[in-house]
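Following: one structure in C-alpha cells, then a few remarks.
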There are 2 protein chains.
Amino acid sequence: MKTRTAKPQAAAAPLGLDQQLCFALYSTGLAMTKLYRKLLAGLELTYPQYLVMLVLWERDGLAVSEIGERLFLDSATLTPLLKRLEAAGLVSRTRSAEDERQVVIGLTAQGRALKKRAAAVPGAVFCATGCERDELLALKRQLESLRERLADSA
Amino acid sequence: MKTRTAKPQAAAAPLGLDQQLCFALYSTGLAMTKLYRKLLAGLELTYPQYLVMLVLWERDGLAVSEIGERLFLDSATLTPLLKRLEAAGLVSRTRSAEDERQVVIGLTAQGRALKKRAAAVPGAVFCATGCERDELLALKRQLESLRERLADSA
DNA sequence: TGCAATTGAATAGCACGCTATTTAAATTGC
DNA sequence: GCAATTTAAATAGCGTGCTATTCAATTGCA
C-alpha cells in the first residue's frame, strides 16, 4: 500500500492540505504587509504604494495600465492609489498627448527624492526574513510558478 | 567576478531580491484568492469567510478570539465578517454564559450542511496548483517558517 | 472589599482589491 | 467617412484588514 492512485484528489485533500498551503500563503502575506507597514511608516507609504514607487523608480512615465501589468493590478485599484500618491506630491498624472485615453504617471522631484530614503527598506526586510539569499530566491521562483498556474486556472 | 561577498546586504539587494520575494508572495496571494473567489462563488463565501467556516467545521462553538488566534486575525476583522455569516444563516453569535465578554460562534444546521458542498473545493485548488503533494507540503512549511520570522520582526 | 488594570468584542475610519459598469477616445470595418 | 467595436481609465459598491478607540465584563491587588 505504498503507492496511491492519484485519482481521488478531493478525498486525498479532505479539507486540509491544499487549504493549509493556501492559508500559509495568505497568512504569510498578511504578516509580510504588517512588517512593511512598520518599515514604510516613516515614508508615509503603504505596501502597494511602495510597489508602485518601485516600478516608477525603475522606469518613469508609465501609463496606468503598464503599472498594472507589472503589479497584476487593474485601474480600479490603481486609480485611487495613484490619486493618493499625487495628493502626497510624489507623482503627477497627465493624459498622454498621443493617446488621450491613457494617463501617464510621472515622478515629481519629491517622488524621485524618496528613493534614497527607501534604500534601507530591502535590507531591513531581508534581515527580518532570517533567510539565506538562495533560500529566498528559491522560494520566489516557486511562488512565481505557482502564481502562473493559479492565474491560468482562474 | 563569479562570487560576491554576502556582507553588504542592503547593497546586495538594492531594490531587488527581498522585494521580489515579497512581491511574489503578495501577487501569488492575490492570484490564490482570485481562484478561490471563483470556486467559492457557488457557496456564496469569500475566502476569509471560508477560512472561518473551516475552523468551525473542525471545532464548533469557539469564541471570536479563538477563531482569530487560528487565523491570525483580530476582532476588528472578524466581527463584521461573522455578522455577515450570521446574516447568511450559517452561524450563530451568542454571548458566553461563563464570561459575558466572549461571543461564542456556533454553526447552524445550514452552516453544518455547507461542509458537504465545500468538499469539492480542496481538490479543485490542488488541481489548479498543478503541483505534487510533496511540493506543496514543502512550500507550506517554508511559508510557515517565514511567517513566524516575519511576525517576530513585526 | 473596592477600585484599578486587563481583557474581549465592537466600532470608527482608512486603504486596498475585486466585479461590474460607465465614459471617452481610438481603432475597425464596411 | 462614419457607425460599431475595442480600449483605457474612472467610478460605484462590497468585503476585507489594519490601527486606534470605546465599552463592558472580569481579574487582581492593595
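For clarity, every value in this text was computed on a predicted model and none was experimentally measured. Protein chains get the first letters and strands the later ones, always in sequence-line order, with residue 1 at the start of each.
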Residue pairs passing the salt bridge (Lys or Arg N to Asp or Glu O under 4.0 Å) test where at least one lies in residues 85-96 of chain B, sequence neighbours excluded: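 Those involving residues 85-96 of chain B are Glu86(B)-Arg93(B).
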Qualifying salt bridge (Lys or Arg N to Asp or Glu O under 4.0 Å) pairs, either residue in residues 52-69 of chain A, two or more places apart: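 Only Glu58(A)-Arg70(A), Asp60(A)-Arg112(A) qualify under salt bridge (Lys or Arg N to Asp or Glu O under 4.0 Å).
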Which residues share a ring-ring contact (aromatic ring centres under 6.0 Å, His included) with Phe23(B), sequence neighbours left out: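 In terms of ring-ring contact (aromatic ring centres under 6.0 Å, His included), with neighbours along the sequence ignored, Phe23(B) is linked to no residue.
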With Tyr47(A) via ring-ring contact (aromatic ring centres under 6.0 Å, His included) - residues at least two apart: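 Tyr47(A) satisfies ring-ring contact (aromatic ring centres under 6.0 Å, His included) with Tyr36(A), Tyr26(B) once adjacent residues are dropped.
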End axis versus end axis in the helix from dT1(C)-dA30(D) to dC30(C)-dG1(D), the angle rounded to 10°, five pairs used at each terminus: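 Result, rounded to 10 degrees: 10°.
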Minimum heavy-atom distance Ser96(B)-Val104(B), with the two atoms named: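 Where Ser96(B) meets Val104(B) most closely, the heavy atoms are CB-CG2, 3.9 Å.
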Euclidean distance, atom CD of residue Glu98(A) to atom P of dA26(C) [Å, nearest integer]: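 Glu98(A) atom CD is separated from dA26(C) atom P by 10 Å.
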Results of side-chain contact (heavy atoms from CB on, under 4.5 Å) for Glu144(A) - residues two or more places apart only: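 Result, side-chain contact (heavy atoms from CB on, under 4.5 Å) vs Glu144(A): Lys140(A), Arg147(A), Ala24(B).
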Glu100(B): side-chain contact (heavy atoms from CB on, under 4.5 Å) partners, not counting sequence neighbours: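 So Glu100(B) forms no side-chain contact (heavy atoms from CB on, under 4.5 Å) with any residue.
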Pairing residues for Asp152(A) by the side chain to side chain donor-acceptor pair (under 3.5 Å) criterion, not counting sequence neighbours: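 Partners of Asp152(A) under the side chain to side chain donor-acceptor pair (under 3.5 Å) test: none.
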Main-chain N/O of Ser153(B) paired with Lys38(A) side-chain donor or acceptor, under 3.5 Å: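 Looks like yes, one N/O pair under 3.5 Å.
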Where chain B begins and ends its contact with DNA chain D, read 5' to 3' at 4.0 Å from heavy atoms: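 Both ends considered, the range comes out as dG15(D) to dT26(D).
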Result block: side-chain N/O donor-acceptor pairs under 3.5 angstrom for residues 119-131 of chain A, not counting sequence neighbours:
from      : atom 1 : to        : atom 2 : distance (Å)
Thr129(A) : OG1    : Phe126(A) : O      : 2.6
Thr129(A) : OG1    : Cys131(A) : N      : 3.3

Per-nucleotide protein contact string for nucleotides 5-14 of chain C (B base, S sugar-phosphate only, - none; heavy atom under 4.0 Å): --BSBBBB--
Side chains of Ser145(A) and Arg141(A), donor plus acceptor under 3.5 Å: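 No pair is found: no donor N or O on one side chain lies under 3.5 Å from an acceptor on the other.
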Close side-chain approach of Leu71(B) to Thr77(B), heavy-atom, < 4.5 Å: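 A side-chain contact is absent here, since even the closest heavy-atom pair is not under 4.5 Å.
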Strand-adjacent residues in residues 28-38 of chain A, judged by heavy atoms under 4.0 Å from DNA chain D: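 Leu30(A), Lys34(A), Arg37(A) - these, ordered by number, are the residues of the stretch whose heavy atoms sit under 4.0 Å from the strand.
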